[in-house]
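Here the structure is a predicted model, which means the values were calculated and not measured.
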Amino acid sequence: MSLRDKLEEILPTLLPTREEDAIKGTELIARVRAVLGDAYSDRSLRSQFSFIALEPDSCLARVPNGQGYYLRGSDETASLHNVFTDESDGYAPHHKALALAVRLYDTAGMGVFVYPPEGDTWEHPDLVAVQWPAGSTDTTGAYIIDPATPQQAAYRSVCVATAEDAVECRHAFFRALACGLWAHETELLIVGDDAEAAHELTRLATQFGVGVRTISANEDVLTDLPRADEIFRATAADARAMLADLQQPPLAHPRRRTTALLTEDDMPAAAAARQWAEGCIARGRVEAWELRVAVN
């Protein structure tokens, strides 16, 4: 029995039934270990918790700010935008930048897997843009994968940064490089406008094969934009219009890799995005909400 199957079997007996009683991941790991022992690492367990919680019909629910887990009730529905909200209702500049990034890729027809914002982590990218196998959209808005085509997605690891100078941009670049070694492509999305930084990023991108895109929005511009959750919920037409005023031509395009430089064992958090996409492909159907984003 796989770890996923074991967790789905035991979690209903370990989770509190009310959101207000939600337990943090550390406590849930301790409860799981009491049943399964120490055969699995903390990283493996956390990765599986994240993936299971993404499934709207799973038993595991995560509170909106990502700080705890509880037993999902049958009358609950997955929220698609609370990753962009915080104690200031989505006014945080980084959350707005992340919301813009999601709309940049999803309006281009890519699936977007978003990791909960965890600050400057090097454990995983901020989001993964998924290029689905060939298919078409049905009348319900779901993307139906053509069974006659190769059933493999392409993954683009994306880090988002609101860097204000060349030093911050350099730091963001190498974070993007490190977080994307498992994917087919790696890209850095810089929200800001610094000519000196752009010159250095172009040089680094040429050397390391990392794509670099820019959105010209300083802190004042971000402040004037709608809340992050409103950007996320905007129609495709409104999102494209907003991005048309901000998006600049790419500084560099990502170089496609045929062989990953790191495996999921080296970067366990990357497994959640791949498992989500492979689940969609196995069903042959990418639901409309999944086509956009896979964090609840």
State plainly whether one hydrophobic cluster holds both Val160 and Val167, where clusters connect Ile, Leu, Val, Met, Phe, Trp and Tyr through side-chain heavy atoms under 4.5 angstrom apart.
-> no
Between Phe232 and Arg103 the two heavy atoms that sit nearest each other are O-NH1, 3.0 Å
inquiry  = Do Leu100 and Met242 have side chains that approach each other closer than 4.5 Å (heavy atoms only, starting at C-beta)?
reply    = yes
Output for pair (Tyr155 OH, Arg257 CZ), nearest 0.5 Å, gives 14.5 Å
| said: Do Ile215 and Leu243 make a side-chain contact, defined as non-hydrogen atoms from C-beta onward lying under 4.5 Å apart? | reply: yes
* **Heavy atoms of other groups near Gln152 CD, more than 12 under 6.0 Å** => no
Check for a donor-acceptor pair, side chain of Ser47 on one end and backbone N or O of Arg43 on the other, with a separation under 3.5 Å. no
Scanning both residues in full, the closest heavy-atom pair of Cys59 with Leu15 reads O-CD1, 3.9 Å
Ala217 and Leu246 have their tightest heavy-atom pair at CB-CD2, 4.4 Å
| message | One pair to check against side-chain contact (heavy atoms from CB on, under 4.5 Å): Ile10 and Arg31. What are the steps and the verdict? | response | CA-CA 10 Å; Ile10 68 173; Arg31 295 186 182 188; over 6 Å; no
Is Val212 reachable from Phe208 through a run of hydrophobic residues whose side-chain heavy atoms are each under 4.5 Å from the next?
-> yes
Apply the test side-chain contact (heavy atoms from CB on, under 4.5 Å) to residues Leu45 and Arg33: give CA-CA distance (whole Å), side-chain angles for both, the deciding distance (0.1 Å), then the verdict. CA-CA 10 Å; Leu45 292 172; Arg33 288 196 185 286; 4.2 Å; yes
Taking the cut-offs as 6.0 angstrom to the six-membered ring centre and 45 degrees off its axis, would you call Arg213 and Tyr105 a cation-pi pair? yes
- Task: Determine, using the 4.5 Å side-chain heavy-atom cutoff (strictly less than), whether Leu36 and Leu60 are members of one ILVMFWY cluster.
- Result: yes
* Asked: When the ring planes of Tyr115 and His124 are compared, do they come out parallel, tilted or perpendicular, using 30° and 60° as the limits?
  -> parallel
Under 3.5 Å, is there a donor-acceptor pair between the Thr206 and Arg255 side chains?
-> no
>> I'd like to know if the side chain of Arg175 reaches the main chain of Thr121, judged simply by a donor and an acceptor atom lying under 3.5 Å from each other, with no hydrogens or angles considered.
In response: yes
- Task: Give a yes or no answer on whether the side chain of His184 reaches the backbone of Arg256 with a donor-acceptor pair at less than 3.5 Å.
- Result: no
Rounded to the nearest 0.5 angstrom, the SG-CZ distance for Cys280 and Arg285 is 11.0 Å
Side-chain contact, heavy-atom cut-off 4.5 Å: Asp126 with Cys159? yes
Rounding to 0.5 Å, atoms OG1 (Thr149) and CD1 (Ile281) come to a distance of 9.0 Å
Answer yes or no: is there an ion pair linking Arg46 with Asp42, defined by an N-O contact shorter than 4.0 Å? no
Candidate pair Thr162 and Lys96, rule side-chain contact (heavy atoms from CB on, under 4.5 Å), full reasoning
CA-CA 10 Å; Thr162 52; Lys96 291 187 179 185; over 6 Å; no
CD of Glu185 to CD of Gln131, rounded to nearest 0.5 Å, is 9.0 Å
Taking every heavy atom of Arg170 against every heavy atom of Leu204, the minimum-distance pair comes out as CG-CD1, 4.4 Å
query = Does the salt bridge (Lys or Arg N to Asp or Glu O under 4.0 Å) test come out yes or no for Glu27 and Lys24, once each step is laid out?
reply = CA-CA 6 Å; Glu27 183 176 350; Lys24 292 187 177 182; over 6 Å; no
Task: Under 3.5 Å: donor-acceptor pair, side chain of Asp106, backbone of Gly109 - done: no
| task | Side-chain contact test, heavy atoms from C-beta onward, threshold under 4.5 Å: evaluate it for Leu7 versus Phe49 and give yes or no. | result | yes
Can you hop from Ile144 to Val286 via hydrophobic side chains spaced under 4.5 Å? no
Residue pair Val32, Leu11: steps toward the side-chain contact (heavy atoms from CB on, under 4.5 Å) verdict: CA-CA 8 Å; Val32 169; Leu11 283 176; 4.3 Å; yes
Closest non-hydrogen atoms of Pro125 and Trp182, given as atom of the first, atom of the second and distance, are CD-NE1, 4.3 Å
Would a 4.5 Å heavy-atom cut-off, applied to side chains only, mark Phe173 and Glu200 as touching?
no
Task: Side-chain donor or acceptor of Ser58 paired with backbone N/O of Ile52 under 3.5 Å - done: yes
Taken to the nearest 0.5 Å, the spacing of Ser50 OG from Trp276 CH2 works out to 14.5 Å
Taking every heavy atom of Cys169 against every heavy atom of Leu188, the minimum-distance pair comes out as O-CD2, 4.4 Å
With a 4.5 Å cut-off on side-chain heavy atoms, are Asp229 and Arg233 touching? yes
CD (Glu8) and CG (Leu3) are apart, to the nearest 0.5 Å, by 10.0 Å
